[in-house]
Asks: 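One structure, as structure tokens, below. Some questions next.
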Amino acid sequence: MSEVETKPAVLILLGPPGAGKGTQARMLEERFGLVQLSTGDMLRAAVAAGTPAGLAAKAVMEAGGLVSDEIVLGILRERLAAPDLKAGVILDGFPRTAGQAEALDKLLAYNGQRVTAAISLEVDDEAMIARVAGRYTCAACGEGYHDQFKLPAVAGTCDKCGGTEFKRRADDNAETARARLEAYHAQTAPLIAHYGRLGVLETIDAMDSIDAVASGLGSIVQRVSA
Ligand code: ADP
Ligand code: ADP
Ligand code: ZN
């Protein structure tokens with residue numbers, strides 16, 4: 001049996017907190033069979049499990065700062081080596097610093113791969129604060145909701161799994177959100193130019209509705225993975 005070897009797509013979703021990276025990554029998973037890798041989710045799991053990485057990351061996350069490259073790369077490396085990534089990955093919230101971007105480029109080059117596309121989700125700073133402040137998720141399946149912009153079809157019941165318990169993140173308050181936004185502008189926004197230089201940058205207007213952004217992203221994914 002001969003099979004054509006295709007390299008799995010490596011897609012990056014870049015954007016400030018609240019841009020819609022997590023929401024869109026989950027939709028892309030369902031539509032294209034890609035696997036979402038969220039360093040924020042991995043770090044929250046490490047904090048909850050009380051691992052050494054989690055203990056070191058906790059206070060930084062609560063203050064809205066960026067966790068050290070060393071810790072983030074340690075956590076992500078393990079996951080990138082897993083065998084379930086054949087169809088490709090969506091990196092959600094990684095890389096966030098120049099050091100992380102360079103480490104990723106090297107890690108991929110070592111495997112004969114490169115970033116397929118880095119997609120910048122562009123939103124106004126004020127919209128980002130409102131999105132973060134109204135965000136909550138299903139405690140059972142992690143589906144994301146919003147007080148104004150994305151309500152479950154039946155109040156109090158998750159559309160995806162029927163769960164009735166929801167949770168909010170401790171760092172999703174207006175004050176911490178501002179610190180996170182500053183970290184984004186200072187350390188993450190410069191990566192847009194990095195991916196521009198590599199010729200893999202795509203941008204999308206993330207002020208649009210969730211469905212409109214999903215449709216724009218879907219077209220980009222189809223084009224870059226063709
Ligand atoms: P990120 O992962 O970039 O931090 P999320 O995907 O968690 O962002 O979205 C933040 C909040 O805004 C969530 O409550 C989500 O339901 C909501 N949201 C996401 N995309 C949009 C959109 N295009 N318009 C309005 N609200 C949105
Ligand atoms: P959001 O997209 O809403 O900013 P995330 O879940 O991606 O939220 O991240 C939550 C927090 O976890 C960040 O504020 C930061 O402290 C930490 N974090 C997540 N990813 C990274 C990363 N790649 N580098 C450094 N810190 C990270
Ligand atoms: Zn659910």
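One-based numbering, in listed order, for ligands and for the atoms of each.
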Asks: Determine whether the side chain, the backbone, both or neither of V67 has a heavy atom under 4.0 Å from any heavy atom of ligand 2.
Replies: both
Asks: Assess whether atom CD of Q113 is packed by more than 12 heavy atoms of other residues, nucleotides or ligands within 6.0 Å.
Replies: yes
Asks: If the threshold is 4.0 Å, N to carboxylate O, is there a salt bridge linking D147 and R168?
Replies: yes
Asks: To the nearest 0.5 Å, what is the distance between CG on L198 and CZ on R114?
Replies: 7.0 Å
Asks: Can you sort out which atoms of ligand 2 are near V72, meaning under 4.0 Å from one of its heavy atoms?
Replies: 22 (C), 23 (N), 24 (N), 25 (C)
Asks: Going by heavy atoms, is G64 under 4.0 Å from ligand 2?
Replies: no
Asks: Would you say V213 ends up clustered with I220 if hydrophobic residues are merged whenever their side chains have heavy atoms under 4.5 Å apart, either directly or through other cluster members?
Replies: yes
Asks: Is a side-chain N or O of T116 found less than 3.5 angstrom from the main chain of V10, in a donor-acceptor match?
Replies: yes
Asks: Give the numbers and elements of all ligand 2 atoms closer than 4.0 Å to a heavy atom of Q100.
Replies: 22 (C), 23 (N), 24 (N), 25 (C)
Asks: Using the rule given for salt bridge (charged side-chain N to carboxylate O under 4.0 Å, His left out), can you reason through K58 versus E62, listing the C-alpha separation, both sets of side-chain angles and the distance that settles it, and then say yes or no?
Replies: CA-CA 6 Å; K58 189 170 188 280; E62 278 168 3; 3.2 Å; yes
Asks: Could you list the atoms of ligand 2 found under 4.0 angstrom from a heavy atom of F94?
Replies: 23 (N)
Asks: Do any nitrogen or oxygen atoms of G65 lie less than 3.5 angstrom from nitrogen or oxygen atoms of ligand 2?
Replies: yes
Asks: Let me see the working for D172 and R180 under salt bridge (charged side-chain N to carboxylate O under 4.0 Å, His left out), right down to the final yes or no.
Replies: CA-CA 10 Å; D172 276 352; R180 287 156 62 198; 3.0 Å; yes
Asks: How many degrees, to 10°, between C161 SG and C138 SG as seen from the Zn ion (ligand 3)?
Replies: 100°
Asks: Show me, by chain and number, every protein residue that has a heavy-atom distance under 4.0 Å to ligand 1.
Replies: P16, P17, G18, A19, G20, K21, G22, T23, R131, R135, Y145, H146, F149, K150, A206, D208, S209, I210
Asks: Is a salt bridge present between E182 and R178, judged by a nitrogen-to-oxygen distance below 4.0 Å?
Replies: no
Asks: Can you tell which of L11, L201, D105 makes a side-chain contact (heavy atoms from CB on, under 4.5 Å) with V115?
Replies: D105
